[in-house]
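Right, one structure below, let's go through it.
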Protein chains: 2
Amino acid sequence: MALRHAVLAALLDGEYSGYQLAKIFDVSVSNFWHAVPQQLYSELAKLEAEGLIRGRRVIQHDRPNKRVYTVTQAGLEELERFAATPAKPGIIRENLLVMVQAVDHISAAPVIEQLEERAKIAAAKVEIFRRTLEHLRGDMDEETYLRHGSPIGPYLTCLRGLRFEQENYEWFTSTARLLRERTAARAEEGA
Amino acid sequence: MALRHAVLAALLDGEYSGYQLAKIFDVSVSNFWHAVPQQLYSELAKLEAEGLIRGRRVIQHDRPNKRVYTVTQAGLEELERFAATPAKPGIIRENLLVMVQAVDHISAAPVIEQLEERAKIAAAKVEIFRRTLEHLRGDMDEETYLRHGSPIGPYLTCLRGLRFEQENYEWFTSTARLLRERTAARAEEGA
DNA sequence: AAAGACATGTAAGGTGTTACATGATTAG
DNA sequence: CTAATCATGTAACACCTTACATGTCTTT
């Protein structure tokens with residue numbers, strides 16, 4: 001059981017519905033945990049059945065009603081136990097890098113296109129994270145926030161996400177350029 | 001079906017057994033695809049049944065016999081199709097970051113310890129990747145290898161892995177130090 | 001003789017992904 | 001009235017993880 005702790009950690013930040021959580025996972029939490037909406041709905045049901053979160057129905061007039069959740073004392077204790085246990089090493093699964101790994105043996109063109117496409121997405125994420133960090137620290141500068149600001153957890157994980165996407169951007173960009181140059185060089189040799 | 005392409009890409013590099021592949025996945029391929037040995041054994045069986053790889057028994061005298069695999073023409077075509085299809089965005093699952101996300105609400109001490117532990121592991125990986133890159137490029141300097149060297153795919157993915165682990169190292173280290181300082185500051189306030 | 005690396009596999013159970021289904025409400 | 005967003009769920013299937021099982025060969 002793994003997703004549960006990511007959900008609990010995300011819910012520490014406030015009361016959220018499955019739908020809201022899905023959006024949060026899609027942007028910020030995806031820095032360290034990937035999950036699709038359906039996983040969240042079923043995980044929330046399980047967590048509530050086990051008493052680690054508590055749900056509350058919210059009647060809305062402008063849009064469909066929803067059910068929002070908060071972490072219970074038992075949930076906090078579960079997180080405490082989790083953090084005291086050695087974390088398994090992280091896992092990555094990145095199809096685009098599989099393609100690059102194989103690029104000596106297959107057509108480079110579609111790989112290059114995808115690298116360029118992903119560079120744009122990475123650049124957009126960088127911008128989102130920059131703004132998220134600015135928003136979190138309000139009128140403090142970064143050093144002050146890091147020393148005294150609160151909450152610090154979400155700020156730190158967002159910082160990691162920012163760096164990761166910056167590295168992605170640079171690697172995607174330089175790799176695409178490099179493969180283009182090599183393809184061009186080969187075309188000239190062939191000519 | 002996802003793991004298959006990572007296995008095919010890894011096998012482009014040469015003939016490997018399941019056991020060897022498991023070690024390769026443990027170090028270099030884990031940069032972009034995580035898999036445990038058992039996954040590899042069963043995936044290799046499936047891939048061979050589908051004709052995407054071909055196995056060959058190797059009799060060894062110094063150690064138990066093994067079965068090594070090479071990518072077939074059909075396997076190459078499968079990789080070609082794969083690379084021509086839009087890659088799904090990558091996924092990350094990192095329990096240690098889940099803990100940091102929650103650090104405002106739980107004891108920081110065990111999280112800090114784990115960050116320091118992981119920083120050491122990241123530093124060791126950085127060293128391994130540096131050596132792998134040196135080994136790949138032989139007597140060329142990096143710029144020359146990037147322009148003309150071969151194979152370029154494994155070099156590029158290793159470069160990405162190196163940067164990722166460098167960033168990990170820096171983030172683990174600075175985050176651990178920061179959380180220590182904040183914990184110390186609180187202890188003084190409390191005193 | 002025991003420990004450790006090499007080498008491969010079966011089976012059970014847990015997790016994740018995908019397709020589908022349903023319906024409310026707002027904005028254009 | 002159509003599309004988009006909000007909101008939640010069921011079910012089937014694919015995939016991954018873990019525990020266990022087995023045996024070879026080398027090193028200490």
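Excluded from the calculations below are hydrogen atoms, water molecules and symmetry mates; all remaining heavy atoms, backbone and side chain alike, are included. Chain A is the first sequence line, chain B the second, and so forth, proteins listed ahead of strands; every chain is numbered from 1. Everything numeric here is computed off the predicted structure, so don't read it as measured data.
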| Hey, can you pull the residues of residues 78-100 of chain A with a non-hydrogen atom under 4.0 angstrom from DNA chain D? | A:Lys88, A:Arg93
| said: Assess whether a salt bridge exists between B:Glu134 and B:Arg130, defined as any Lys/Arg side-chain N lying under 4.0 Å from an Asp/Glu carboxylate O. | reply: no
| What is the distance from atom CD of A:Glu165 to atom CD1 of A:Ile128, rounded to the nearest 0.5 Å? | 9.5 Å
| note | Separation of D:dT8 atom P from A:Gln39 atom CD, nearest Å, is 16 Å
| task | May I ask you to say whether A:Arg137 pairs ionically with A:Glu142, meaning some side-chain N is under 4.0 Å from a carboxylate O? | result | yes
N/O contacts under 3.5 Å, protein versus nucleotides 2-6 of chain D?
unit_1: D:dC6; atom_1: OP1; unit_2: A:Lys23; atom_2: NZ; d: 3.2
unit_1: D:dC6; atom_1: OP2; unit_2: A:Tyr19; atom_2: OH; d: 2.8
unit_1: D:dC6; atom_1: OP2; unit_2: A:Lys23; atom_2: NZ; d: 3.2

| said: Surrounding CZ of B:Arg67 (heavy atoms of other residues, nucleotides or ligands, distance under 6.0 Å), is the total greater than 12? | reply: yes
| Between atom CG in B:Leu40 and atom P in D:dC15, what is the gap in whole Å? | 15 Å
| query | For B:Tyr19, which residues count as a ring pair (Phe, Tyr, Trp, His ring centres under 6.0 Å) partner, sequence neighbours excluded? | reply | none
| Knowing that exactly one of B:Leu115, B:Ile112, B:Asn95 qualifies, which makes a side-chain contact (heavy atoms from CB on, under 4.5 Å) with B:Val100? | B:Leu115
| 5' to 3' on DNA chain C, which nucleotides open and close the contacts with chain B (atom under 4.0 Å from a heavy atom)? | C:dA5 to C:dT18
| By salt bridge (Lys or Arg N to Asp or Glu O under 4.0 Å), which residues pair with B:Glu116, not counting sequence neighbours? | B:Arg180
| Electrostatic pair B:Glu94:A:Arg160 at N-O distance under 4.0 angstrom | no
| message | Check this for me: does any side-chain nitrogen of one of A:Glu50 and A:Arg4 sit under 4.0 Å from a carboxylate oxygen of the other? | response | yes
| query | Can you tell me how far P of D:dT17 sits from CD of B:Gln38, to the nearest Å? | reply | 11 Å
| request: Quickly work out the B:Tyr41 OH to D:dA19 C1' distance and round it to whole Å. | output: 16 Å
| remark: Taken to the nearest whole Å, CG/B:Asp62 to C1'/D:dT24 is 11 Å
| query | Rounded to the Å, how far apart are A:Leu44 CG and D:dT10 P? | reply | 13 Å
| said: So, does B:His61 get its side chain near the phosphate of D:dT26, meaning an N or O under 4.0 Å from OP1 or OP2? | reply: no
| Hey, do the aromatic rings of B:Tyr16 and B:Tyr69 have their centres closer than 6.0 Å? | no
| Closest-nucleotide ordering on DNA chain C, the 5'-leading residue of A:Ala2 and B:Gln20 | B:Gln20
| query | Any salt bridge between A:Glu127 and A:Arg131, counting N to O under 4.0 Å? | reply | yes
| Looking for any heavy atom pair under 4.0 Å, which part of the strands does B:Ser17 touch: base, sugar-phosphate only, or nothing? | sugar-phosphate
| query | Near DNA chain D, under 4.0 Å by heavy atom, which residues of residues 5-13 of chain A? | reply | none
| How are the rings of A:His5 and A:Phe82 set relative to one another: parallel (under 30°), tilted (30 to 60°) or perpendicular (over 60°)? | parallel
| Rounded to whole angstrom units, what separation is found between the OH atom of A:Tyr16 and the P atom of D:dT8? | 15 Å
| task | Answer yes or no: are there more than 12 heavy-atom neighbours, outside B:Tyr155 itself, under 6.0 Å from its atom OH? | result | yes
| What's the CZ-P distance between B:Arg4 and D:dC15, to the nearest Å? | 8 Å
| No-hydrogen, no-angle side-chain donor-acceptor test under 3.5 Å, B:Thr70 and B:Glu15 | no
| message | Using heavy-atom distances to pick each residue's nearest nucleotide on DNA chain C, tell me which of A:Trp33 and B:Ser42 is more 5'. | response | B:Ser42
